[in-house]
Amino acid sequence: MNEKQIQRIKEQYPQGTRIELNHMDDSYHPVPEGTLGTVKHVDDAGQIHVKWDNGRGLAIIPEVDHFSIVKENNKNEMIEVIVVEPDKHPRVERITNDLTTMQTIVGGDIEEIGLDDHTVLVCNEEGKLINLKANRCVGHDIIAGTFFIAGDDGGEELISLNEEQIKEYTEKFYEIEEHTQEEMQRKMRFEFYSY
């Protein structure tokens with residue numbers, strides 16, 4: 001590794017950078033995958049010295065170990081959303097603004113559907129295909145499975161709903177709707193044929 005490459009690593013991983021380890025190429029005592037840590041410094045050999053959250057202190061080597069920078073605001077920020085489950089009234093909930101939490105709520109890969117310029121509905125991308133319970137009608141579609149409503153400021157991340165949005169969408173989805181699985185499947189077939 002030449003001096004220029006080492007300098008680039010120092011600039012890319014300054015002290016305080018949060019990282020997540022995906023894999024450490026150490027057959028004896030590796031730091032477990034998924035462990036978070038904070039960069040202490042980069043030495044003159046290009047190794048990144050990290051204080052791991054589990055107390056370990058092993059350095060990582062950029063061209064050998066696999067890791068990624070963690071954006072703290074994405075990992076720890078809590079946002080206020082409305083969760084809507086089949087056969088239940090909507091509820092306001094504070095959730096961690098990260099993909100894992102969102103996937104847990106909807107039970108799989110997520111799909112975002114814009115409701116207006118400032119709100120988005122997040123549901124299971126394959127809800128109908130895996131026959132999740134019919135939930136609420138949105139436009140000409142029926143959403144399958146649990147979904148939630150979050151704010152959208154046009155950026156990459158979702159944001160909290162404001163009080164007005166919470167009131168509007170709680171009222172909009174308050175009524176529990178009865179839809180048969182057959183009705184939902186018919187709508188899905190219509191969507192396939194209408195392309």
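Just so it is clear, the model here is predicted, and its values are computed rather than measured. When a residue number appears, it is its place in the shown sequence, counting from 1.
- Within a 6.0 Å radius of CD in Glu3, no more than 12 heavy atoms belonging to other residues, nucleotides or ligands are found.
- There is no path of hydrophobic side-chain contacts, each under 4.5 Å, that joins Val84 to Val120.
- A chain of hydrophobic side-chain contacts below 4.5 Å, direct or via other Ile, Leu, Val, Met, Phe, Trp or Tyr residues, connects Phe147 to Ile166.
- Cluster annotation: Ile143 and Ile130 are assigned to distinct hydrophobic clusters (Ile/Leu/Val/Met/Phe/Trp/Tyr, side-chain heavy-atom contacts under 4.5 Å, transitive).
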Applying side-chain contact (heavy atoms from CB on, under 4.5 Å) to Thr119 and Asp152, what does each step give before you reach the verdict? CA-CA 5 Å; Thr119 52; Asp152 180 9; 5.9 Å; no
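- For Gln15, the CD atom counts as loosely surrounded, since its 6.0 Å shell holds 12 or fewer non-hydrogen atoms of other residues, nucleotides or ligands.
- Between Arg91 and Glu85, at least one side-chain N (NZ, or NE/NH1/NH2) sits under 4.0 Å from a carboxylate O, which counts as a salt bridge.
- Linking Ile, Leu, Val, Met, Phe, Trp and Tyr whenever their side-chain heavy atoms come within less than 4.5 Å leaves Ile142 and Ile113 in two separate clusters.
- Atom NE2 of His118 is surrounded by 12 or fewer heavy atoms from other residues, nucleotides or ligands within 6.0 Å.
- Taking CD of Glu125 as the start and CD1 of Ile110 as the end, the distance is 9.0 Å to the nearest 0.5 Å.
- Within 6.0 Å of CG in Asp44 there are 12 or fewer heavy atoms belonging to other residues, nucleotides or ligands.
- If you chain together hydrophobic residues whose side chains sit under 4.5 Å apart, Ile60 and Val42 fall into the same group.
- Electrostatic pairing of Glu168 and Lys172 does not count as a salt bridge here, judged by no charged N lying under 4.0 Å from a carboxylate O.
- Residue Lys167 forms a salt bridge (Lys or Arg N to Asp or Glu O under 4.0 Å) with just one option from Glu163, Glu164, Glu171, and that option is Glu171.
- Using a 4.0 Å cut-off between charged nitrogen and carboxylate oxygen, Lys10 and Asp43 do not count as a salt-bridge pair.
- When hydrophobic side chains of Ile, Leu, Val, Met, Phe, Trp and Tyr are connected at separations under 4.5 Å, Ile159 ends up as a singleton with no cluster partners.
- In this structure, the ring of Phe148 has its center no less than 6.0 angstrom from the ring center of Phe173.
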Evaluate Thr17 against Thr38 for side-chain contact (heavy atoms from CB on, under 4.5 Å), listing each step before the verdict. CA-CA 6 Å; Thr17 301; Thr38 304; over 6 Å; no
